[in-house]
Amino acid sequence: MKKNYNYTRRKLYLPEYGRHIHEMVDQLLEIEDREERNRQARAVIAVMGNLNPLLRDTADFTHKLWDHLFIMSDFKLDVDSPYPRPARQDLMVSPHKMAYPQERIAYKHYGKYVARMFRELRGEKDREALDRAVDSLARYMRTKSFEYNQEHPNNEVIIKDIKQMSEGGIELDEVALNNLRSDYKQHLPARQQKGTQRQPQKNGAKNAMQKSPAYTGQKNRAGQGQQKGAQRYNSQKQS
């Protein structure tokens, strides 16, 4: 018995369509009558469209099906297509090699865009806009430094880093930057916040229950019952 395994068969050009669709395309290549070949090609296109019925409403869905038909035939099928016939060279173009950035990031905890923005601010003529931009960037730098070092940085360090990143091209208002405070606040974890809120609620509910008349009456009745039980026990013991 001859065994027919997939690894012994030819490679599928578009595996998502399956081997049966590829065999149907191979049968199209053997049809000599052009009209019959065109009719069978339209039937194969209809079967290919049934595999993805949700994509029929898209504009270029039928165009893609005809392109896939030519690809599965290894561009050997000669039929009348309603769309331009694709070429092997157009579909097999290798992508261009992308240039990898080689720029060294001097202050990684700030990010490369902070230094780039300071270099761009060197040509700013509006003094008020420059001060606002520097103030916002300085606050951002304090926030990132706190996240990186887990402690608030000294403003003198921030001023020094700004001068180095701007290459001394920005006139800074050091008095305003020295008085800068960070807007970053370290929030407590959600579980810890819930725990701190539950404890006073429990205590408050307990105090409110103790102050209620029903609780005090119940407590008095329990105390009277204990006293009567002790008196009955003492009388039985003396007799």
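Below, each value reflects all heavy atoms present in this structure, side chains not excepted, and no hydrogens, waters or symmetry copies.
- A heavy-atom distance below 4.5 Å is not found between the side chains of L14 and I21.
- Annotation for E128: atom CD does not count as buried by contact number, only 12 or fewer foreign heavy atoms lying within 6.0 Å.
- Atom CD in Q40 sits 9.5 Å away from atom CZ in R42 (nearest 0.5 Å).
- Neither L12 nor L51 shares a network with the other; the hydrophobic side chains, linked directly or stepwise wherever heavy atoms of I, L, V, M, F, W or Y lie under 4.5 Å apart, form separate groups for each.
- Using a distance-only test at 3.5 Å, with no hydrogens or angles considered, a donor-acceptor pair links the side chain of S166 to the main chain of I162.
- Remark: K144 NZ to Y110 OH distance equals 12.0 Å, nearest 0.5 Å.
- Hydrophobic clustering keeps M165 apart from Y148 (ILVMFWY residues linked when any side-chain heavy atoms are closer than 4.5 Å, directly or through intermediates).
- When all heavy atoms are compared, the tightest approach of N52 to F61 is O-CZ, 3.7 Å.
- A side-chain donor-acceptor contact under 3.5 Å links R122 to the backbone of R119.
- M48 and M72 get closest at one heavy-atom pair: CE-CE, 3.6 Å.
- Minimum heavy-atom separation, L172 to R127: C-NH2, 4.0 Å.
- The side-chain heavy atoms of H20 and V47, taken from C-beta on, include no pair separated by under 4.5 Å.
- At a threshold of 4.5 Å between non-hydrogen side-chain atoms, the residues Y83 and D67 do not count as touching.
- Distance check, rounded to the nearest 0.5 Å: CG of N155 to NZ of K160 gives 14.5 Å.
- Atom CG of L77 sits about 6.5 Å away from atom CZ of R85, to the nearest 0.5 Å.
- Q150 contributes a side-chain N or O that, together with a main-chain N or O of E147, makes up a donor-acceptor pair within less than 3.5 Å.
- Shortest non-hydrogen contact noted between F75 and P86 is CD2-O, 3.7 Å.
- A donor-acceptor pair shorter than 3.5 Å cannot be found between the side chains of E23 and Q27.
- The cluster map of Ile, Leu, Val, Met, Phe, Trp and Tyr, joined by side-chain heavy atoms under 4.5 Å apart, puts V157 and V134 in different clusters.
- Aromatic ring orientation, H109 versus Y107: perpendicular (interplanar angle above 60°, classes split at 30° and 60°).
- One distance of note links OG1 of T62 with CD1 of I45; it measures 8.5 Å at 0.5 Å rounding.
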side-chain contact (heavy atoms from CB on, under 4.5 Å) for Y17 and L65? Distances and angles first, verdict last. CA-CA 11 Å; Y17 285 102; L65 293 179; 3.6 Å; yes
Using the rule given for side-chain contact (heavy atoms from CB on, under 4.5 Å), can you reason through L177 versus I158, listing the C-alpha separation, both sets of side-chain angles and the distance that settles it, and then say yes or no? CA-CA 8 Å; L177 293 177; I158 298 296; 6.0 Å; no
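- Distance CG/D26 to CE/M24: 11.0 Å, rounded to 0.5 Å.
- Ion pairing between a basic and an acidic side chain is recognised when a charged N comes within 4.0 Å of a carboxylate O; D74 and R10 show no such pairing.
- Following chains of ILVMFWY side-chain contacts shorter than 4.5 Å, one cannot reach F118 starting from I105, and the two form parts of different hydrophobic clusters.
- A pairwise comparison of heavy atoms in I31 and R37 identifies O-NH1, 2.6 Å as the closest pair.
- Ion pairing between a basic and an acidic side chain is recognised when a charged N comes within 4.0 Å of a carboxylate O; R116 and E120 show no such pairing.
- The number of heavy atoms from other shown groups lying within 6.0 Å of CD (E171) does not exceed 12.
- Nearest heavy atom pair, residue E124 against residue A129, reads OE2-CB, 4.2 Å.
- For N38 (side chain) and R34 (main-chain N/O), a donor-acceptor pair under 3.5 Å exists by modelled atom type.
- Shown here are the ring-ring contact (aromatic ring centres under 6.0 Å, His included) partners of Y13, two or more places apart in sequence or in another chain: there are none.
- Heavy atoms of other residues, nucleotides or ligands lying less than 6.0 angstrom from CD of E36 number more than 12.
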